Amino acid sequence: MALIIGATSILAEEAAVVHDAEYYILEAQNGKVWEVEDGELDKKLAELKEKYGTTPNLIHLMWDDQPFGAVGIPAMQQLRGFETPNLNQMASEGLLFTRMYTEPSCTPTRAAAWTGQYAIRSGMYSVGFPVEYEGFAAENITIAEVLSDAGYSTGFFGKLHLGDIEETYPHNQGYDEAFTALYNQAVSLWNTHAEAANAVVGLKSELLAENRYQKDETFVRDGYVFYIEGEKGGPTREWCGIEAECYRKFDIEARDRTFDFITRNAEAGKPFYAAWWPLWTSFLPEAPKETLQRGLVAESYHKYLDPDVGQLMALLHDLGIAENTLVIAMSDNGPMTHNPPAGAGLGEGPFRGGKGDYLEGGVRVSAQAWWPGMIEGGRIAGDIVHVTDLFTTFARLAGALDHIPTDRVIDGVDQTSLLLNGDGFSRRDNVMIYSGPVLGASVKDHYKTHWLSSSTQALGGLTSVYDLYNDHREENPIVVGGFHFKEPFRRMRARHEMWIQKYPHIPRAHGPAYGGIENARPETVALSEAPEALKNLPFGMLDYIEQLPNLPFDPSGDVGIGGN
């Protein structure tokens with residue numbers, strides 16, 4: 001206890017930020033070196049600010065379900081039958097991460113990016129589908145709130161997937177403007193086109209035969225809202241609708257709004273942060289095919305995401321702000337290798353496992369950083385970095401560390417030195433990987449232990465360790481030869497859980513769905529109101545909401561957790 005609590009923070013500006021326990025072990029040993037590095041980094045950043053008149057702009061581009069090597073490495077793309085020349089150019093001109101960790105699925109990763117915390121700390125560890133009646137709680141502090149307090153314009157454009165209650169909306173969580181998809185790509189099938197093709201079944205009653213055995217017309221109801229827009233302090237509006245054409249138009253609109261947001265702020269000379277998180281693929285295939293793979297993944301890269309990235313880089317150069325803009329481009333978790341949609345092209349990468357797994361294949365993703373003139377091109381980093389690190393790094397670059405809340409643990413660490421100095425300069429050597437609400441695995445350096453079995457059952461105790469350099473598929477555990485790792489890993493976990501006791505988690509919030517939408521359709525409003533026939537029940541129609549947190553964790557929403 002004394003070692004952790006007594007550790008002296010080297011960085012005065014960051015002294016109040018509470019990190020996870022393991023950080024203080026590293027800081028106590030490396031802090032003096034970090035202090036020297038930070039002095040040099042501060043000079044470089046000060047020179048940049050003097051040149052442009054503002055702290056740097058920040059763009060976080062994140063898409064879904066892709067393994068390490070999906071972009072940035074042409075040889076690996078050739079194995080998969082597609083290419084992304086613009087994303088590959090971005091990687092070759094910047095820094096390619098080989099050990100970027102995320103959470104195992106989209107909702108947890110997006111919560112982690114927003115808060116700088118493992119998703120367990122905000123209660124957002126599981127994936128939801130319409131209608132949820134729950135979501136990201138107002139007590140959380142997002143990166144948009146931190147940067148807004150430092151004078152940044154903040155915009156959110158794309159997929160959120162953090163719930164469907166009013167307090168979850170991005171423009172109610174610190175963003176000045178937001179254009180939001182509330183759910184994931186599954187809703188590309190929640191329309192009459194997909195029902196007609198049997199791609200989704202039993203949803204659109206107008207296309208179904210009359211069912212004389214149906215007694216409950218409220219079990220599955222319509223009235224969903226998929227897309228919303230709004231500004232901080234202003235009204236929320238539904239955008240377009242729920243049909244297939246709205247799904248495809250959404251990403252185009254999100255891109256255009258992102259570029260407009262960038263242009264307006266660049267011309268006004270105001271620093272900005274843009275979260276651009278496209279849906280980027282649909283489960284309804286489109287013709288004609290343009291790649292050798294022919295899958296949904298390759299086609300979406302080729303037709304949409306990669307050309308848009310080329311336009312982004314060109315825009316930043318045209319506006320004269322490329323050197324003053326950091327772009328982080330990455331996927332949010334590994335591929336859906338367990339029961340993927342037909343024809344998706346969601347192949348497993350070099351690591352075992354995929355979306356939902358605590359295996360490397362679930363949480364080790366494609367990622368790169370681009371910052372012309374600041375990041376030397378052609379660099380590759382073998383260091384561990386985690387999606388939560390973006391929160392703290394963005395705050396450092398924006399001069400906003402003082403705005404980070406100090407009443408909770410911030411798992412993200414400042415990785416400015418890694419960005420600007422390159423390989424070997426990370427300030428973390430460990431990651432905790434949760435399987436839903438349970439710790440699934442821990443990584444320290446290039447060693448990893450599993451706390452759960454492949455059936456998501458807790459192991460009786462740590463019995464094996466994997467050497468990720470020699471067994472990156474986690475198939476051949478070191479047993480007798482790795483007994484010396486048992487107690488160090490147990491101590492690492494004990495410190496982590498001790499800190500949880502000191503700084504308890506924030507639960508997810510619950511309430512009526514789609515609140516505050518000024519143009520809500522009657523059927524949408526009815527989703528949170530009892531139909532006339534059910535107004536005399538012995539319980540309220542939404543009373544069950546209070547029981548949702550008590551339900552067992554459902555791994556079916558995070559397909560393949562712990563799978564082999």
Side-chain angles (χ1 to χ4, degrees), residues 60-73 76-77 80 82 84 87-88 90-91 94-113 118-119 127 158-159 161 184-185 275-281 297 300-301 305-306 309 327-338 340 344-370 380-391 393 411-412 415 418 426 428 431-435 440-441 443 448 468 472-474 558-561:
H60 183 202
L61 168 61
M62 187 164 68
W63 60 98
D64 281 69
D65 296 5
Q66 288 294 279
F68 168 75
V71 303
I73 306 177
M76 293 188 70
Q77 291 185 333
R80 297 185 67 188
F82 68 85
T84 60
L87 279 160
N88 294 353
M90 177 182 280
L95 175 66
L96 181 73
F97 299 107
T98 64
R99 296 193 73 183
M100 169 64 87
Y101 283 89
T102 63
E103 302 272 327
S105 53
C106 35
T107 292
T109 292
R110 287 154 200 275
Y118 294 135
V127 173
K159 170 185 167 180
H161 208 185
N184 70 359
Q185 289 77 4
W276 179 22
W277 297 357
L279 290 165
W280 92 281
T281 193
V297 165
S300 295
Y301 271 137
L305 185 58
D306 192 65
V309 168
V327 179
I328 301 292
M330 61 185 290
S331 54
D332 66 351
N333 49 251
M336 189 184 292
T337 57
H338 310 284
L346 284 160
E348 191 175 70
F351 304 107
R352 185 163 66 102
K355 183 183 182 75
D357 293 329
Y358 53 75
L359 299 169
E360 296 291 286
V363 293
R364 205 156 152 184
V365 301
S366 289
Q368 54 205 40
W370 184 78
I380 299 174
D383 310 68
I384 292 177
V385 62
H386 192 268
V387 64
T388 56
D389 296 344
L390 301 184
F391 179 97
T393 305
D411 296 293
Q415 296 285 23
L418 175 61
S426 175
R428 77 157 62 238
V431 173
M432 297 291 186
I433 304 170
Y434 276 82
S435 176
V443 177
K448 181 175 183 179
L468 295 177
H472 58 266
R473 291 187 61 79
E474 301 164 76
D558 298 329
V559 180
I561 284 183

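Keep in mind that what you see is a predicted model, and the values were worked out from it rather than measured.
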Separation between CH2 (Trp63) and CH2 (Trp276), nearest 0.5 Å, reads 10.0 Å

The reported gap from CD1 in Ile328 to CE in Met100 (rounded to nearest 0.5 angstrom) is 6.5 Å

Q. Taking side chain as C-beta onward, heavy atoms only, is Met90 less than 4.5 Å from Val327?
A. yes

Does Thr281 use its side chain to pair, donor to acceptor, with the backbone of Ser300 at less than 3.5 Å?
no

Rounded to the nearest 0.5 angstrom, the CZ-CG distance for Phe68 and Leu96 is 5.5 Å

**Prompt:** So, the side chain of Glu348 versus the backbone of Gly353: is there a donor-acceptor pair under 3.5 Å, distance only?
**Reply:** yes

Going through the distances and angles, do Met330 and Leu390 end up as a side chain to side chain contact (heavy atoms under 4.5 Å, CB included)? CA-CA 11 Å; Met330 61 185 290; Leu390 301 184; 4.0 Å; yes

ask   = Distance-only, no hydrogens or angles: does the Ser366 side chain make a donor-acceptor pair with backbone N or O of Ser331 under 3.5 Å?
value = no

Closest non-hydrogen contact found for Gly334 with Val365 is N-CG1, 4.0 Å

Could you tell me if the ring centre of Phe351 sits under 6.0 Å from that of His472? yes

All heavy atoms of His60 vs all of Ala113, minimum pair found to be CE1-CB, 4.1 Å

Side-chain donor/acceptor of Ser426 to backbone N/O of Arg428, under 3.5 Å
yes

Q. In terms of side-chain geometry, is the basic nitrogen of Arg110 or Asp64 positioned less than 4.0 Å from the acidic oxygen of its partner?
A. yes

Could you check Gln77 against Tyr301 for side-chain hydrogen bond (donor to acceptor under 3.5 Å, both in side chains), going step by step and ending with a plain yes or no?
-> CA-CA 11 Å; Gln77 291 185 333; Tyr301 271 137; over 6 Å; no

(request) Can you label the angle between the Tyr434 ring and the Tyr118 ring as parallel, tilted or perpendicular, going by 30° and 60°? (result) tilted

Margin query: Could you walk me through whether Val443 and Ile433 satisfy the side chain to side chain contact (heavy atoms under 4.5 Å, CB included) test, starting with their C-alpha distance in whole Å, then the side-chain angles of each, then the deciding distance to 0.1 Å, before giving a yes or no?
Written below: CA-CA 8 Å; Val443 177; Ile433 304 170; 4.0 Å; yes

inquiry  = Any non-hydrogen side-chain atom of Thr102 less than 4.5 Å from a side-chain atom of Pro108?
reply    = no

_Between Thr98 and Ile380, is there a side-chain heavy-atom distance shorter than 4.5 Å?_
yes

Donor-acceptor under 3.5 Å (Asn333 side chain, Lys355 main chain): no

(message) The test is side chain to side chain contact (heavy atoms under 4.5 Å, CB included); show your working for Trp280 and Gln66 and say whether it passes.
(response) CA-CA 12 Å; Trp280 92 281; Gln66 288 294 279; 3.9 Å; yes

message: For Leu346, is there any backbone N or O sitting under 3.5 Å from a side-chain donor or acceptor partner on Arg80?
response: no

Check your understanding: Would you say Thr109's side chain and Asp332's backbone share a donor-acceptor pair under 3.5 angstrom?
Key -> yes

Side chain to side chain donor-acceptor pair (under 3.5 Å) test vs Glu360 passes for just one of Arg99, Lys448, Arg352, namely Lys448

Separation between OG1 (Thr337) and CG (Asp65), nearest 0.5 Å, reads 10.0 Å

When rounded to the nearest 0.5 Å, the distance separating CZ of Arg473 from CG of Leu359 is 9.0 Å

Check your understanding: Quick one: does Glu103's side chain have a donor or acceptor within less than 3.5 Å of a partner on Val387's backbone?
Key -> no

In terms of heavy-atom contacts, Asn88 and Ile73 come closest through OD1-N, 4.1 Å

The reported gap from CG in Leu95 to CG in Asp383 (rounded to nearest 0.5 angstrom) is 8.5 Å

